[in-house]
Amino acid sequence: MTTQPAQAGEADEASMTLVEHLIELRGRIIKAGIGVLVGMVFGFIAVWPQGPIKLIDILILTFAPINDRFAPIQSVGTTEQFTSYMKVALLVGVILAMPVIVYQLLAFIVPGLTASERRLIFRALPFVTFFFLAGIAFGWFVTTPVAIQFLIGFSDSPLIQTQPTLSDFLETVSMLLLINGVVFELPIIIYVLAYLNVTTAKQLARYRRYAMVVVVIIAAFITPTGDPVNLLLLALPMYLLYEVGIILARFVPAAREPRTAKRNA
């Protein structure tokens, strides 16, 4: 007789905890979205055709195959130019808001952060920006040019005229750059998780073989073009970044109390 009310009370407490987690998730998504919207304002300025930067023209001149006979990119839809420009502006907003997105993600994944742990995450935000920009640079100079040349130059038949549409070209370039930027965040995320006692360098080193398989699967899943060249160009740096994360995890102070003990204290 007495156990049933207790079980009902535990169920109510569990349901309230789930609701609280959902409320927290909603709040953090809203904060990350506000950061993206603020960054998108700067992205809109960067892509505006009459603006000072003209980012779309830079992307076309950098990655599109230049041909003297016709324009390298074509626009066939009525709204294609506007929507394509807005997608790139959104990408710029995500890039600029990446520190906010990473902080909100870590704060939700690892709840109940102490003051020292929050300070650690804030100190890691500049490195988050640095690694993300390093990934963008890697994609700009290495991954994206090779991928575009491979895909567009796959067939050199004189019967095929290579002239990608604006939306398809910008979507491919944007996704390649964004994926490289996100992948380069892996060492920072591993270090923070090791600092929070979620994982250790020994555990990460023990699962190297499994990590290699997971990296290939993830690279095959997130590669926007699906070709083996892009898969290799993405999987290789992902695994190397995993190794960099293991090295960084070894620099985590060894004498750290478990997080549960620190909360109880």
Without placing hydrogens or testing angles, list every side-chain donor-acceptor pair under 3.5 Å for residues 238-247, not counting sequence neighbours.
| residue | atom | partner | partner atom | Å |
| --- | --- | --- | --- | --- |
| Tyr239 | OH | Glu243 | OE2 | 2.7 |
| Tyr242 | OH | Leu204 | O | 2.6 |
| Glu243 | OE1 | Arg208 | NE | 3.1 |
| Glu243 | OE1 | Arg208 | NH2 | 3.2 |
| Glu243 | OE2 | Arg208 | NE | 2.8 |

Q. In terms of hydrophobic clusters joined by side-chain contacts under 4.5 Å, are Ile56 and Ile58 together?
A. yes
Q.
How long is the straight-line distance from CG of Leu22 back to CD1 of Ile29, given to the nearest 0.5 Å?
A. 9.5 Å
**Q.** Those residues that, when tested against Arg206, pass salt bridge (charged side-chain N to carboxylate O under 4.0 Å, His left out) (two or more places apart)
**A.** none
Q. Taking a hydrophobic cluster as the set of Ile, Leu, Val, Met, Phe, Trp and Tyr residues connected by side-chain heavy atoms closer than 4.5 Å, whether directly or through intermediates, do Phe127 and Leu133 fall within one such cluster?
A. yes
Please tabulate, one pair per line, all N/O donor-acceptor pairs under 3.5 Å involving side-chain atoms of residues 81-100, not counting sequence neighbours.
| residue | atom | partner | partner atom | Å |
| --- | --- | --- | --- | --- |
| Thr83 | OG1 | Thr79 | O | 2.9 |
| Thr83 | OG1 | Glu80 | O | 3.2 |
| Ser84 | OG | Glu80 | O | 2.7 |

Q.
When you group the ILVMFWY residues by side-chain heavy-atom contacts below 4.5 Å and let the links chain together, are Val216 and Leu234 in the same group?
A. no
**Q.** Any Pro237 side-chain heavy atom under 4.5 Å of Val183 side chain
**A.** no
Q) Taking C-beta and beyond as the side chain, do Ile101 and Val36 meet within less than 4.5 Å on heavy atoms? A) yes
Q. Taking a hydrophobic cluster as the set of Ile, Leu, Val, Met, Phe, Trp and Tyr residues connected by side-chain heavy atoms closer than 4.5 Å, whether directly or through intermediates, do Phe44 and Leu177 fall within one such cluster?
A. yes
(Q) Please tell me whether Val182 and Met40 are part of a single hydrophobic cluster in this structure, the criterion being side-chain heavy atoms less than 4.5 Å apart. (A) yes
Q | The single option from Phe132, Phe138, Phe131 passing ring pair (Phe, Tyr, Trp, His ring centres under 6.0 Å) against Phe184 | A | Phe138
**Q.** OG1 on Thr200 to CG on Asn197, rounded to 0.5 Å
**A.** 9.0 Å
Q) For Trp48, does the CH2 atom have more than 12 heavy-atom neighbours from other residues, nucleotides or ligands under 6.0 Å away? A) no
Q.
Which residue is it: Leu176, Val146, Asn180? I am looking for the one with a side-chain contact (heavy atoms from CB on, under 4.5 Å) to Leu233.
A. Val146
